[in-house]
Participant: 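Take a look at this one; I'll ask things after.
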Amino acid sequence: MDPQPVLCHTCTGVLLANDSRTYTPQRGRLIVTNGYCTCPPAAETPAEPEAHRQQPQQQERLPGQATMVNV
């Protein structure tokens, strides 16, 4: 079993532990020096911000182009 990583690769903060037994004096010193990880959890990170989502766009009509209705 691989040990759980201690530091975040993005912000170098200390990641929260799944088990209280992993809070060692060494981990405590890292928390004091680096602080906890401040990155948002992956589950809460939106896949795409709403402002950047593409809405269905209407085609631009050129002058002289007819619109087909009830085809």
Participant: Under 4.5 Å between any side-chain heavy atoms of Val14 and Val6, yes or no?
Facilitator: yes

Participant: To the nearest 0.5 Å, how far apart are CG in Asn34 and CZ in Arg29?
Facilitator: 12.5 Å

Participant: Can you sort out the partners of Tyr36 under side-chain contact (heavy atoms from CB on, under 4.5 Å), two or more places apart, ordered by chain and number?
Facilitator: Leu16, Tyr23, Ile31

Participant: Can you pull the salt bridge (charged side-chain N to carboxylate O under 4.0 Å, His left out) pairs that have at least one residue in residues 5-24, sequence neighbours excluded?
Facilitator: Asp19-Arg21

Participant: Would you name the heavy atoms of Leu7 and Thr12 that are closest together and state the gap between them?
Facilitator: CD2-O, 3.6 Å

Participant: Can you name the closest pair of heavy atoms from Cys11 and Cys39 and give their distance?
Facilitator: SG-SG, 3.8 Å

